[in-house]
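Just so you know, these numbers use all the heavy atoms, side chains as well, and skip hydrogens, waters and symmetry mates.
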Amino acid sequence: MAEEKKLSQKTLNTTFWRWWYGNLTCFSHEHMQTFGYMWAMLAVIKELYPDDHKKQEKIMETYHPFFNTEPEIGGIVVGITCGLEEARANGAEGIDDEMINGIRAGLMGPLAGIGDSLIVGTYIPILLGIAIGLAEGGSPIGPIFYILVWNITEILFEKWVFKKGYELGGTAVDVLVGDQATAFRDAVMVLGQVIVGAMAASWVSISSPIVIAQDSTGADVTLISRLDGAFPGLLTCAFVIFAWWLQAHKNMSAVKVLLLYVVIGFVGSVIGLLGS
Amino acid sequence: MTWLQAIIIGILSCLAASVPAMGGTTFGNYTLNRPLIAGFVLGLVFGDIQGCILLSIPMQTMWIAIVTPGGTVPADLRAVSYIGLPLAYVGARAAGMDFAGKDAQGLAASISAMTGVIGVTLFYGTSMMNLIWQHWGWAQIEKGNIECVGLVDAVLPWITNLIISFLPVMLLCKFGADAVEDLFKKMNTDVWYIKAILTVGSVLPAVGISILLKAVVTKTSDLIYFLAGFSMAASMGLTLLAATTVGGVFALLDYKMAMNKLELQNAGGAAGFDDDEEDI
């Protein structure tokens with residue numbers, strides 16, 4: 001009986017770092033992360049079939065199909081395929097191109113959804129928000145904090161999901177998309193919603209010079225002071241929610257909303273409705 | 001701006017080239033690409049860390065969340081960070097503006113929006129030119145040369161970036177700097193159209209926040225959490241870290257409720273409901 005094939009730690013590291021660095025370096029809209037994926041898997045294929053170049057080519061064909069997801073959380077898929085390739089090289093039954101690509105294709109969408117909303121949409125903005133706070137007055141502590149915390153935590157996280165993927169194979173998915181994971185994800189979203197509210201109030205300040213009356217001393221009473229008396233930052237809040245509504249319910253793209261707001265800001269200033 | 005400074009900024013723009021960043025996704029796109037980090041790095045290049053970071057803050061706020069599902073980008077932050085920011089900085093410096101003042105901050109926000117949107121052409125240019133290398137790569141793989149994938153993935157895209165990113169960024173920084181300095185020096189911030197540009201700069205961050213809001217809100221009723229965070233920060237002056245704590249309370253409650261529901265379901269709804277205390 002042939003000796004059991006086992007991927008060396010060195011190869012797994014090479015695969016991980018190739019994916020970490022190269023997942024999108026050769027991005028095109030046609031192939032997206034396909035070449036990054038093939039480059040990462042090349043190390044695995046070379047180790048499993050060291051003397052058989054024809055076999056290497058054959059296995060590489062598995063990874064020709066299109067691949068694209070949120071690449072950081074997507075490290076788990078690369079880990080899973082490392083585990084599956086190892087099992088396939090040892091003659092495990094039922095692992096073929098179709099099965100591997102079924103897993104890859106099936107995970108791309110859900111993982112992109114989780115990664116985009118949790119990592120890109122929540123974690124990064126929170127870190128950046130804290131960094132902006134620390135950078136007040138032009139302090140380099142803010143950016144340095146972000147560079148260190150983001151890169152260290154991201155690498156640890158991506159290494160962890162990659163390792164989980166390799167160890168657990170197809171069942172690793174439950175760690176990320178099971179019921180408990182979904183509950184966790186929803187909870188983090190709630191956290192994100194509260195923080196985005198605080199960000200809006202801290203960073204956006206839209207004002208209006210409209211004067212509605214004079215008080216007893218003859219000083220101007222502005223509309224904005226009345227609005228703020230009722231709900232601090234009401235005008236700012238309305239602008240943010242309107243921009244959100246246009247995107248979420250009117251399917252306007254962010255760029256269109258941006259252009260609309262350029263017009264609103266410009267015209268509003270010229271006719272004296274907006275500005276300070 | 002010296003040639004050396006312009007060249008360094010050009011190279012940084014390749015490393016930070018939005019989605020296909022040559023610095024990789026984590027360190028390129030999500031680190032060097034962000035205006036706040038660029039503020040720090042450019043501060044080292046210009047020898048004024050404080051000034052560059054101050055100007056980078058309104059630029060960063062506007063694009064606090066850039067989510068790029070399926071490779072569609074609303075803005076290319078490399079253009080904000082490495083064209084908009086350096087030009088805004090040299091302009092504001094030449095005009096002797098207070099970097100933390102209203103004028104400089106408003107102008108920086110407007111420049112951030114413009115360069116971000118115009119910069120998207122750089123992103124599509126990069127994506128298209130990479131097709132050349134991929135096309136060559138497929139032909140090689142067809143011939144059995146599977147070892148070419150590393151070259152295609154990590155080396156050849158540098159050529160794309162030299163042409164699409166390095167050259168335009170370097171030239172714009174070098175030759176645009178003088179023009180911008182002139183423009184800023186002559187600018188009178190009391191003129192109506194400059195006032196209007198400053199107002200635009202104050203309105204635009206609302207769009208940046210709304211992009212982020214869209215990323216975290218799945219149903220309209222979620223907005224109540226947004227409003228809670230907003231009113232606490234606006235009325236009580238809650239800082240972001242404090243808001244994180246308060247948000248954490250809501251998140252924990254939400255998680256516990258969801259887990260309780262799951263437990264009930266798993267128990268087939270038959271078993272008694274036991275109020276499970278924190279067991280960490």
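Taking all atoms of both residues into account, the shortest heavy-atom contact from B:Val246 to B:Met232 is CG1-CE, 3.5 Å. The two residues A:Tyr261 and A:Ala243 have their closest heavy-atom pair at OH-N, 3.2 Å. Here the shortest heavy-atom pairing between A:Gly113 and A:Arg185 reads O-NH2, 4.0 Å. Considering all non-hydrogen atoms of both residues, B:Thr31 and A:Tyr146 come closest at CA-CE2, 4.2 Å. Taking all atoms of both residues into account, the shortest heavy-atom contact from A:Gln56 to A:Pro50 is NE2-O, 3.7 Å.
If you measure heavy-atom distances from B:Leu223 to chain A, the contacts under 4.5 Å come from the side chain alone. For B:Val217, the parts sitting under 4.5 Å from any heavy atom of chain A are the backbone and the side chain alike. For chain B, the nearby parts of A:Ile132 are the backbone and the side chain; heavy atoms of each come within less than 4.5 Å. Interface residue A:Glu70: only side-chain heavy atoms are found under 4.5 Å from chain B. For A:Glu154, the part lying under 4.5 angstrom from a heavy atom of chain B is the side chain only. Only the side chain of B:Leu262 comes within less than 4.5 Å of a heavy atom of chain A; its backbone N, CA, C and O stay farther away. Within the 4.5 angstrom heavy-atom criterion, atoms from both the backbone and the side chain of A:Pro140 approach chain B. There is no contact between B:Met128 and chain A, counting heavy-atom distances below 4.5 Å. Of the atoms belonging to A:Ile144, it is side-chain heavy atoms, and not backbone ones, that fall under 4.5 Å from chain B. Looking at A:Ala112, neither its backbone nor its side chain comes within 4.5 Å of chain B, counting heavy atoms on both sides. Residue A:His64 touches chain B through both its backbone and its side chain, counting heavy-atom pairs closer than 4.5 Å. Heavy-atom distances place the backbone of A:Ser205, and not its side chain, under 4.5 Å from chain B. Looking at A:Lys46, the atoms closer than 4.5 Å to chain B (heavy atoms on both sides) all sit in the side chain, from C-beta outward. Heavy atoms of B:Leu213 lying under 4.5 Å from chain A belong to its backbone as well as its side chain. Interface residue A:Met60: only side-chain heavy atoms are found under 4.5 Å from chain B. Contacts of A:Ile124 with chain B are made by side-chain atoms alone, with heavy-atom separations under 4.5 Å and no backbone atom involved. In this structure, chain B has no heavy atom under 4.5 Å from any part of A:Thr69. Looking at B:Ala113, both its backbone and its side chain come within 4.5 Å of chain A, counting heavy atoms on both sides. Of the two parts of B:Ala21, only the backbone, made up of N, CA, C and O, holds a non-hydrogen atom closer than 4.5 Å to a non-hydrogen atom of chain A.
For the set A:Gly268, A:Ala183, A:Ala198, A:Gly192, the count of heavy-atom pairs under 4.5 angstrom toward chain B peaks at A:Ala198. In terms of heavy-atom pairs under 4.5 angstrom with chain A, the leader among B:Leu212, B:Ile49, B:Leu227 is B:Leu212. When each of B:Leu156, B:Leu204, B:Leu238 is checked for heavy-atom pairs under 4.5 Å with chain A, B:Leu204 comes out on top. Counting heavy-atom pairs closer than 4.5 Å to chain B, the top residue among A:Leu274, A:Ile206, A:Asn151 is A:Asn151. The candidate with the highest count of non-hydrogen atom pairs below 4.5 Å against chain B, out of A:Gly142, A:Gly265, A:Ala187, A:Gly129, is A:Ala187. In terms of heavy-atom pairs under 4.5 angstrom with chain B, the leader among A:Trp203, A:Phe239, A:Phe184 is A:Trp203. The candidate from B:Ala196, B:Ala233, B:Pro205 with the greatest count of non-hydrogen atom pairs under 4.5 Å with chain A is B:Ala196. With chain B as partner, the option from A:Glu158, A:Glu30, A:Glu72 having the largest number of non-hydrogen pairs under 4.5 angstrom is A:Glu72. Note on B:Gly24, B:Ala258, B:Ala206, B:Gly208: by heavy-atom pairs under 4.5 Å with chain A, the leading option is B:Ala206. Options B:Gly144, B:Ser110, B:Ser202, B:Ser127 differ in how many heavy-atom pairs under 4.5 Å they form with chain A, and the most are formed by B:Ser127. Of the listed residues (A:Ile147, A:Thr122, A:Ile130), the greatest number of heavy-atom pairs within a distance under 4.5 Å of chain B belongs to A:Ile147. Between chain A and the options B:Val216, B:Leu36, B:Val203, the largest number of non-hydrogen pairs under 4.5 Å is found for B:Val216.
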* **Worked check of side-chain contact (heavy atoms from CB on, under 4.5 Å) between A:Leu42 and A:Tyr63** => CA-CA 10 Å; A:Leu42 183 63; A:Tyr63 300 96; over 6 Å; no
* Intermediate values then yes/no, side-chain contact (heavy atoms from CB on, under 4.5 Å), A:Phe242 and A:Trp245 -> CA-CA 5 Å; A:Phe242 182 58; A:Trp245 180 78; 3.9 Å; yes
* Could you check B:Trp138 against A:Phe35 for side-chain contact (heavy atoms from CB on, under 4.5 Å), going step by step and ending with a plain yes or no? => CA-CA 10 Å; B:Trp138 287 122; A:Phe35 273 86; 3.7 Å; yes
* Go through the steps for A:Trp19 and A:Met41 under the test side-chain contact (heavy atoms from CB on, under 4.5 Å), then give the verdict. => CA-CA 9 Å; A:Trp19 174 253; A:Met41 290 312 287; over 6 Å; no
* Asked: Given B:Phe99 and B:Tyr89, is the ring-ring contact (aromatic ring centres under 6.0 Å, His included) satisfied, shown in steps?
  -> CA-CA 8 Å; B:Phe99 292 124; B:Tyr89 172 74; 5.4 Å; yes
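Relative orientation of the B:Phe250 and B:Tyr225 rings is perpendicular, given thresholds of 30° and 60° on the angle between their planes. Note on ring orientation: taking the six-membered ring where Trp is involved, the planes of B:Tyr124 and A:His29 are parallel (angle under 30°, cut-offs 30° and 60°). Classified by interplanar angle (parallel below 30°, tilted 30° to 60°, perpendicular above 60°), the ring pair A:Phe231/B:Phe230 is parallel.
To the nearest 0.5 Å, the span separating CG on B:Asp76 from OG1 on B:Thr126 amounts to 7.0 Å. In this structure, B:Arg34 CZ and A:Leu128 CG are separated by 7.0 Å, a value rounded to the nearest 0.5 Å.
A side-chain contact (heavy atoms from CB on, under 4.5 Å) with A:Cys26 holds for exactly one of B:Val155, B:Thr160, B:Asp153; it is B:Asp153.
By the neighbour-count criterion of 12 heavy atoms within 6.0 Å, atom CD1 of B:Ile132 is densely surrounded, having more than that number from other residues, nucleotides or ligands. The neighbour count for A:His53 NE2, taken as heavy atoms of other residues, nucleotides or ligands under 6.0 Å away, is above 12.
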